[in-house]
Amino acid sequence: GEDVEQSLFLSVREGDSSVINCTYTDSSSTYLYWYKQEPGAGLQLLTYIFSNMDMKQDQRLTVLLNKKDKHLSLRIADTQTGDSAIYFCASETGANNLFFGTGTRLTVIP
Amino acid sequence: EPEVTQTPSHQVTQMGQEVILRCVPISNHLYFYWYRQILGQKVEFLVSFYNNEISEKSEIFDDQFSVERPDGSNFTLKIRSTKLEDSAMYFCASKLTTGTTDTQYFGPGTRLTVL
């Protein structure tokens, strides 16, 4: 089955850019997602990218997809303290089920 | 904005007891899902449900688990005889269709603690 991997922790200073990386194994992934989870809350969809795209920008968020290397990244520009959360990468295959990474805990230092 | 709701937010039960976790998906959505997240681990797919039947289930979803849409609005996950290792956060999700522009919307989760 699909295996999605992420680094566990990232710390950045407020105002800097954050880059969260993710790798996946299933080349038939159709969509790749980024979800945000704040303490005690559910999974909030941030953005997604279709597998035939290599970049998507949405305000402060930029998603880059390298399909050849099966590598996905999420860049958050001008990171704020409110961005502190766990960020999950998820891959959707033809079965429409999501495979999640372990999540990256982003800590923004004021 | 419509959202997926789940109750209870936290359920504590004794090992061997039955639990029912409840979800109210977004009203016009047709596809429903349960996922779980054991503390410190990945969010894992359990089961998907469409047209009143299971579409797909993972290896985790064994005979101890069942799902039901009893009344057209609720979507429930039942665990018949809970084990310690069932302790996790359980997320419900719903999706309008399986169309290429639709995404899954997640509820806030139910934290299940099995003692």
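Remember, it's a predicted structure, so these values are computed and weren't measured experimentally. We name chains A, B, ... by the order of the sequence lines, and we start the count at 1 in each one.
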Within a reach of under 6.0 Å around [atom1] of [X], are more than 12 heavy atoms found that belong to other residues, nucleotides or ligands?
{"X": "A/Gln59", "atom1": "CD", "answer": "no"}
{"X": "B/Phe49", "atom1": "CZ", "answer": "yes"}
{"X": "B/Lys57", "atom1": "NZ", "answer": "no"}
{"X": "B/Leu115", "atom1": "CG", "answer": "yes"}

Group every Ile, Leu, Val, Met, Phe, Trp and Tyr by side-chain heavy-atom contacts under 4.5 Å, then state whether [X] and [Y] land in the same group.
{"X": "A/Phe9", "Y": "A/Val4", "result": "no"}
{"X": "B/Val19", "Y": "B/Met15", "result": "yes"}
{"X": "A/Leu46", "Y": "A/Tyr35", "result": "yes"}
{"X": "B/Phe65", "Y": "B/Leu84", "result": "yes"}
{"X": "B/Ile54", "Y": "B/Tyr31", "result": "no"}

Practice task
Measure the CD-NZ distance between A/Glu5 and B/Lys42 for me, rounded to the nearest 0.5 Å.
Solution key: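 Result: 4.0 Å between the selected atoms.
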Handout entry: Side chain, backbone, both or neither of A/Gln37 within contact of chain B (heavy atoms, under 4.5 Å)
Key =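 Side chain only.
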Problem - For the student: nearest non-hydrogen atoms of A/Asn97 and B/Tyr33, plus distance - result: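 Here A/Asn97 and B/Tyr33 meet closest at OD1-CE2, 4.1 Å.
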Exercise for the section: Identify the heavy atoms of B/Phe45 and A/Leu98 that sit nearest to each other, and give their distance. Expected result: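 Result for this residue pair: CB-O, 4.0 Å.
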Exercise for the section: Can you check whether anything in residues 101-110 of chain A gets within less than 4.5 Å of chain B, heavy-atom wise, and list it by number? Expected result: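 So far as heavy atoms go, A/Gly101, A/Thr102 are the residues that approach chain B to under 4.5 Å.
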Exercise for the section: Answer with side chain, backbone, both or neither: which region of B/Tyr35 has an atom nearer than 4.5 Å to a non-hydrogen atom of chain A? Expected result: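 Just the side chain, heavy atoms under 4.5 Å.
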Handout entry: Which atoms of B/Gln6 approach chain A - backbone, side chain, both or neither, heavy atom under 4.5 Å
Key =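 No part of it gets close to chain A.
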Practice task
Flag the pair B/Gln37 / A/Phe88 as yes when at least one side-chain heavy-atom distance between them is below 4.5 Å, and no otherwise.
Solution key: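 They are in side-chain contact.
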Problem - Set of side chain to side chain donor-acceptor pair (under 3.5 Å) partners for A/Gln80, sequence neighbours left out - result: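 So A/Gln80 forms a side chain to side chain donor-acceptor pair (under 3.5 Å) with A/Asp78.
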Handout entry: Most chain A-contacting option - heavy-atom pairs closer than 4.5 Å, from B/Glu44, B/Gln104, B/Gln41
Key =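 It is B/Gln104.
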